[in-house]
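Following: one structure in structure tokens, then a few remarks.
Everything numeric here is computed off the predicted structure, so don't read it as measured data. Just so we're on the same page: letters track the sequence lines, and every chain starts at 1.
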Amino acid sequence: DVKVTQSSRYLVKRTGEKVFLECVQDMDHENMFWYRQDPGLGLRLIYFSYDVKMKEKGDIPEGYSVSREKKERFSLILESASTNQTSMYLCASMGPGFRAINTEAFFGQGTRLTVV
Amino acid sequence: SQELEQSPQSLIVQEGKNLTINCTSSKTLYGLYWYKQKYGEGLIFLMMLQKGGEEKSHEKITAKLDEKKQQSSLHITASQPSHAGIYLCGADLGNNAGNMLTFGGGTRLMVKP
């Protein structure tokens, strides 16, 4: 019963390419997140969205943009891929009221992106 | 430096030994999550703590949130090779009006059989 699906597990792109990472959730969640994970740095938040067409910058938004045209889909866009964007990218979704009780974030399997 | 600090960064224990992982914040934690990650895969939810002094257990894993809600510990009793992986704590630090979930740097656990 897959809840959060990322479009690719592995991706190799060339420097300068425009890259789209797609994430789809089937839980009707309002909140969706994009993180990147690098050794020793844990998960760092790139962008998150709390509603359709709404987005907020996370800790490291530079070089990225996002799109949320439909509630179930949150796309991460690398406008011009660079080698320092080689990383593991994780998408997550969460129901309303993060500060409410018994809300957890569900994660996708991750996309390992290599930029050459 | 990260707003959520985890310690240790890595840990190697002999099978059967107990271990503790810590997660510390300088800010009040509105909700504290523990996740486990197998290498190269997504995160698996372990448990969530919200109230100061709260403690939860699942099988051989126990997590506590201190009274001030600024520190959490994850304790594994009688570790097994299946416990190996990366443990991450995540929290809402109240930085944003929206629902922003911040993570620590992770603790890589290896269990020697």
Side-chain angles (χ1 to χ4, degrees), chain A residues 2-6 9-10 23 25 27 29-51 54-61 68 87-114, chain B residues 1-10 21-25 27-51 54 56 58 63 65 69 85-108:
Chain A
V2 176
K3 294 182 168 72
V4 180
T5 304
Q6 293 183 228
R9 287 297 301 273
Y10 301 94
C23 177
Q25 50 96 2
M27 295 168 285
H29 282 166
E30 286 77 2
N31 302 292
M32 296 188 75
F33 307 81
W34 273 108
Y35 295 89
R36 64 176 281 177
Q37 184 178 29
D38 302 287
L41 297 176
L43 268 66
R44 292 181 292 168
L45 182 65
I46 305 171
Y47 268 97
F48 73 102
S49 168
Y50 52 90
D51 202 350
M54 305 304 289
K55 59 186 179 184
E56 291 283 345
K57 291 180 180 179
D59 298 319
I60 51 165
R68 185 112 181 256
S87 186
M88 173 73 135
Y89 290 86
L90 288 156
C91 172
S93 76
M94 188 157 55
F98 174 59
R99 293 167 191 162
I101 296 174
N102 296 326
T103 303
E104 71 179 83
F106 293 87
F107 282 81
Q109 285 294 93
T111 296
R112 187 165 293 282
L113 171 68
T114 302
Chain B
S1 65
Q2 293 181 306
E3 291 183 291
L4 276 182
E5 294 283 344
Q6 276 186 246
S7 62
Q9 287 189 332
S10 64
I21 299 168
N22 293 302
C23 178
T24 303
S25 170
K27 299 181 180 180
T28 298
L29 303 170
Y30 287 92
L32 191 286
Y33 297 77
W34 283 102
Y35 284 85
K36 179 186 175 184
Q37 184 185 29
K38 290 286 189 183
Y39 180 73
E41 298 184 7
L43 275 65
I44 300 168
F45 173 75
L46 293 175
M47 54 193 86
M48 175 189 175
L49 305 164
Q50 278 198 309
K51 301 176 184 176
E54 187 175 9
K56 288 186 178 177
H58 176 68
L65 183 61
K69 295 172 65 175
I86 300 172
Y87 289 82
L88 291 133
C89 66
D92 175 7
L93 299 176
N95 290 337
N96 195 291
N99 303 322
M100 185 166 146
L101 185 58
T102 301
F103 282 86
T107 296
R108 185 179 294 272

Which one of Leu43(A), Leu90(A), Leu41(A) satisfies the side chain to side chain contact (heavy atoms under 4.5 Å, CB included) criterion with Phe103(B)? Leu43(A)
Residue set satisfying side chain to side chain donor-acceptor pair (under 3.5 Å) with Trp34(A), at least two apart, ordered chain then number -> none
Can you say whether Leu88(B) sits under 4.5 Å from chain A via the side chain, the backbone, both, or neither, judging by heavy atoms? side chain
To the nearest 0.5 angstrom, please state how far the CD atom of Glu41(B) sits from the CZ atom of Arg112(A). 11.0 Å
Let me know if Gln37(A) has heavy atoms under 4.5 Å from chain B in its side chain, its backbone, both or neither. side chain
Leading residue by heavy atom contact count with chain B [cutoff under 4.5 Å; candidates Gln109(A), Gln6(A), Arg9(A)]: Gln109(A)
